[in-house]
Amino acid sequence: MRSLLACVPPWLLCVGRPLNKLSARDTRAGLALSLTLALSACATPPEPAPASSPAPSSASTPHETHAALFETFFPTDAEGLSEVERGLARRLRAGSSEAFGADPVLSRDLAALGAPAGAFGALPKGASFASLGPSQRQAVIRSLFEHPQPKARAMARRLRSVYLGLVYRPPLGPVLVGDANLQPTPPTKVEVPPLNLPQSPLRYDPQTRTLRHAGGPIQFLIVGSGPAGSVLANRLTLAGRRVLLVERGSFVIPGALDTRSQGALMESRNRRTSLNGSVVIRNGNAVGGGSTVNVDLAFDPTSPLLLERIQGWVREGRLPKSRYSREALSEAYAWVRTRMGTRSLDEVEINANNRVLWKGAKARGVQPKLYALNRYRPADSPTPADNKISAVRGLLLEALAASPGLSLLPDAEVTRVLLEEGRATGVEVQTRPSWKHPAVLRDPHDLELAPGTRIRIEAETVILSAGALGSPTVLLRSGIKGPGIGRGVVIHPSLPLVGEFEEQIDATRGLTASVYVDAHARRGGFFFESMPGVPSYVAMLTPGTGREVLAQLRRYRNLAGFGVMLIDSPHPKNRVRLDASGGRAVIDYQLRGADPERFRAGVAEGVRTLFAAGAKRVIVPSNEEGIPRVFKRAEDARLIEAHLKFVSSRTILTSAHMQGSLKLAADPASGALAPDHRVWRAPGEPYANLYVVDGSVFPTSVGANPMQAIYTFARIAADRFTEH
């Protein structure tokens, strides 16, 4: 239901095993899944309950606190539950207890609720959470949501998200919502397509801890294998250059599994939020970057909305006109479309959920549109597990198979760029543990580097393509601290809406992503984008107590929706920076300036659009004062414009489109990079051979989902490198 998938962590679609066959390993995997949920959804607390005197209590054990929390968010004695459902829920409650208590984040929450006077003062005096009755537990959760401290609100959101996410995913979730189609098929052996690579040219010297190329100096060292890094690696390798591509994430062989459903392939395992917790921010962490984990939506950079922005950057002197004319962009994008198999959709492919946005937009007097997708047509994929065309499939496999071919170092984090007298001489790298999955190709060049090994790699040219989070992080760790580094980041924050209809929708059936609306983008600054939401995610969007959520999810098959995506504006206080330790990146982001007002207008128009499509009720996932739990009339959308403030953890926003943290500019006062993509060192003096090519270079939002624009900019940059 919006980019509900830009909002939904991809592992929400992961398969599960029957509960009576859960192993300890399965339970730990389920915990990781549930903890990611904690940072990926809005939570609306219950109504205040009548106070009563708590029973005398000492501290409760984590097991007791866990059981009390589980029953708070899913009462197993709820009316209407079958004995089968009760049994599944109770086994789930017991089976997850040990793992929940062992997790470092959740265990702190359990300890805070288990100790009298803990949990930010929300517990009655002398009571632990487990010692309270059901109504008192509801009151404690509400108190945490309304607490003035953001950390208290974040704790409430995390707990609600963890437990609802645990309950409503398979195997119990599909049973509760009555849709067997959502129950995953039994696990089968992973079929890994063959990948024959040429003999490696890389040589590692354990004495000096250096990595070199047997054919001579590494001419181009590219950091990050997302859309930009993959284009550069492909073009430069096929042009005969010696290229090494270094990637922080693991290398999943294309076609072996659906990479959209794996939390292990997300940065911070999909737990990344803005510094104040107000936005859940998703970035890929795998070979192929975001193209490996996204849902393949393709927006043409030569379309009027995007082209207008790019031409504005040219007029400002941020881009050279000769390379970014409409003709040059069209030529580069034609190549991208061919390589990525970008296909246009037909109206007959719209499923019932996407049809809601189509119908509602037309009723509101605006024209909906159909996505283009980087995806095979139904039944055309060369392997059954995955139909996406990622940068790996479209670009890297060809370069890896060339002779001499591309060298790839996955599971390796670049900690800093090595600098000397205005030049980059190479990078310092630390190897990382690989994802333990049969579809992962570990150590493709047989270097046998143990995780945690620090190595140095020299290169003639260094190009950062690690994304709007990774590239500024590497520069900051390298001691490059110009005024434009990390500043003015934009992220396209999104908020999902859910409508309930009389007719059955079954949102996950058919082509799940086909319709969007950009009619409000130019003047209003927002998009509507439609996609499905699985039960675990919809449960977290649904307001009320555990019993009320269950009642709503019983009607899951009648739910549809979409997301409101803001085209936010750059602000210098919104930035990527390092934390106090100097090593970990944080994203300091808040809605500022006119953005909150524009976002409120977009959410209100989204509510009106759902009612125009025939919704009987609409859910806005916010528990802020003045926002109804359920909207029953289109006229009440005005309450959003009057009251929605986007308070952290009371209204959770999501993001999958970080851009603009290293802006192209004619001087260092206006950005981090010169128009030729070199990093500014001083006014009029960029580093001689240190470049950035990825979505971080955009001076503003590119105006829509940025993936295709990133591919196109990288193709133009690659041409410049090959010319020289």
Side-chain angles (χ1 to χ4, degrees), residues 190-206 210-256 259 286-289 291-292 335 338-340 382-383 386 389-412 414 426-427 429 431-432 434-435 437-450 453 455-463 465 714-715 718 721-722:
V190 174
E191 302 247 349
V192 181
L195 188 63
N196 299 315
L197 300 179
Q199 184 176 359
S200 172
L202 296 182
R203 303 290 183 267
Y204 175 62
D205 184 341
T210 56
L211 189 67
R212 63 182 180 83
H213 195 289
I218 295 170
Q219 294 170 293
F220 290 92
L221 191 153
I222 303 168
V223 180
S225 63
S230 292
V231 169
L232 294 167
N234 176 279
R235 298 293 290 172
L236 292 170
T237 300
L238 297 183
R241 307 303 198 271
R242 288 183 294 277
V243 182
L244 173 60
L245 183 60
V246 182
E247 168 57 50
R248 187 177 187 271
S250 295
F251 183 15
V252 178
I253 298 177
T259 51
V287 173
S291 76
T292 294
W335 178 87
T338 300
R339 296 311 305 259
M340 300 311 301
T383 60
D386 186 15
I389 307 175
S390 69
V392 184
R393 227 170 192 164
L395 297 163
L396 290 185
L397 291 185
E398 178 185 31
L400 286 167
S403 184
L406 169 69
S407 299
L408 172 64
L409 186 63
D411 302 307
V414 171
V427 297
V429 174
T431 57
R432 292 163 46 87
S434 182
W435 182 33
H437 192 285
V440 170
L441 178 62
R442 301 174 189 82
D443 195 13
H445 296 300
D446 298 320
L447 297 171
E448 298 183 355
L449 299 174
T453 302
I455 62 175
R456 293 167 65 93
I457 309 173
E458 293 184 353
E460 294 178 347
T461 298
V462 175
I463 308 173
S465 297
R715 166 59 202 265
F721 289 128
T722 56

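Just so you know, these numbers use all the heavy atoms, side chains as well, and skip hydrogens, waters and symmetry mates. Residue numbers start at 1 and run along the sequence shown. For clarity, every value in this text was computed on a predicted model and none was experimentally measured.
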Which value, rounded to the nearest 0.5 Å, describes the distance between Ile463 atom CD1 and Phe721 atom CZ? 4.0 Å

Residues Gly249 and Pro410: closest non-hydrogen pair is O-CB, 3.6 Å

Check Leu406, Ile253, Leu195, Leu197 against Leu397 for a side chain to side chain contact (heavy atoms under 4.5 Å, CB included) and give me the one that passes. Leu195

Would the distance check show the side chain of Ser291 and the main-chain N or O of Pro227 forming a donor-acceptor pair, the cut-off being under 3.5 Å? no

Nearest heavy-atom approach of Pro217 to Glu460 is CB-OE2, 3.6 Å

How far does CG of Leu244 sit from CG of Leu211, to the nearest 0.5 angstrom? 6.5 Å

Would you say that Arg242 contacts Pro404 through its side chain, given a criterion of any heavy-atom pair below 4.5 Å between the two side chains? no

Is the number of heavy atoms from other residues, nucleotides or ligands under 6.0 Å of Gln219 CD greater than 12? yes

Taking every non-hydrogen atom, the tightest pair across Leu232 and Ser465: CD1-OG, 3.6 Å

Can you check whether Arg442's main-chain N or O pairs, donor with acceptor, with Ser434's side chain at less than 3.5 Å? no

CZ/Arg235 to CG/Leu395 distance, rounded to the nearest 0.5 angstrom? 10.0 Å

Test item: Asp443 and Leu449 side chains (from C-beta on) under 4.5 Å apart, heavy atoms: no

Side-chain heavy atoms of Arg212 within contact of Glu458, under 4.5 Å: no

Measuring from atom OH of Tyr204 to atom CG of Leu447, what distance do you get when rounded to the nearest 0.5 angstrom? 9.5 Å

Donor-acceptor check, side chain of Arg339 to backbone of Gly394, threshold 3.5 angstrom: yes or no? yes

d(Ile222 CD1, Leu409 CG) to nearest 0.5 Å is 13.0 Å

Kindly say whether Val287 contributes a backbone atom to a donor-acceptor pair with the side chain of Thr292 at under 3.5 angstrom? yes

Can you see which heavy atom on Ala401 is nearest to which on Pro198, and at what distance? O-CG, 4.0 Å

Is a side-chain donor or acceptor of Ser390 paired with a backbone partner of Gly288 at a separation under 3.5 angstrom? no

Between the main-chain N or O of Gly215 and the side-chain N or O of His213, is there a donor-acceptor pair closer than 3.5 Å? yes

Could you tell me whether Arg432 atom CZ has more than 12 heavy atoms of other residues or ligands within 6.0 Å of it? yes

Heavy-atom pair of closest approach, residues Thr431 and Ala450: OG1-O, 2.6 Å

Does Thr237 use its side chain to pair, donor to acceptor, with the backbone of Gly405 at less than 3.5 Å? no

We want to know whether Arg393 and Thr383 form a side-chain donor-acceptor pair, criterion being a heavy-atom distance below 3.5 angstrom. yes

Would the distance check show the side chain of Arg241 and the main-chain N or O of Thr722 forming a donor-acceptor pair, the cut-off being under 3.5 Å? yes

Donor-acceptor contact below 3.5 Å, side chain Glu247 vs main chain Ser225: yes

Could you state the interatomic distance from CG (Asp411) to CZ (Phe251), rounded to the nearest 0.5 Å? 11.0 Å

Test item: Leu238 and Glu398 side chains (from C-beta on) under 4.5 Å apart, heavy atoms: yes

A side-chain contact here means heavy atoms from C-beta on lying under 4.5 Å apart; do Leu221 and Val427 qualify? yes

State, to 0.1 Å, how close Ala233 and Ala399 come at their nearest heavy-atom pair, and which atoms those are. O-CB, 4.1 Å

Between Asp205 (side chain) and Thr210 (backbone), is there a donor-acceptor pair under 3.5 Å? no

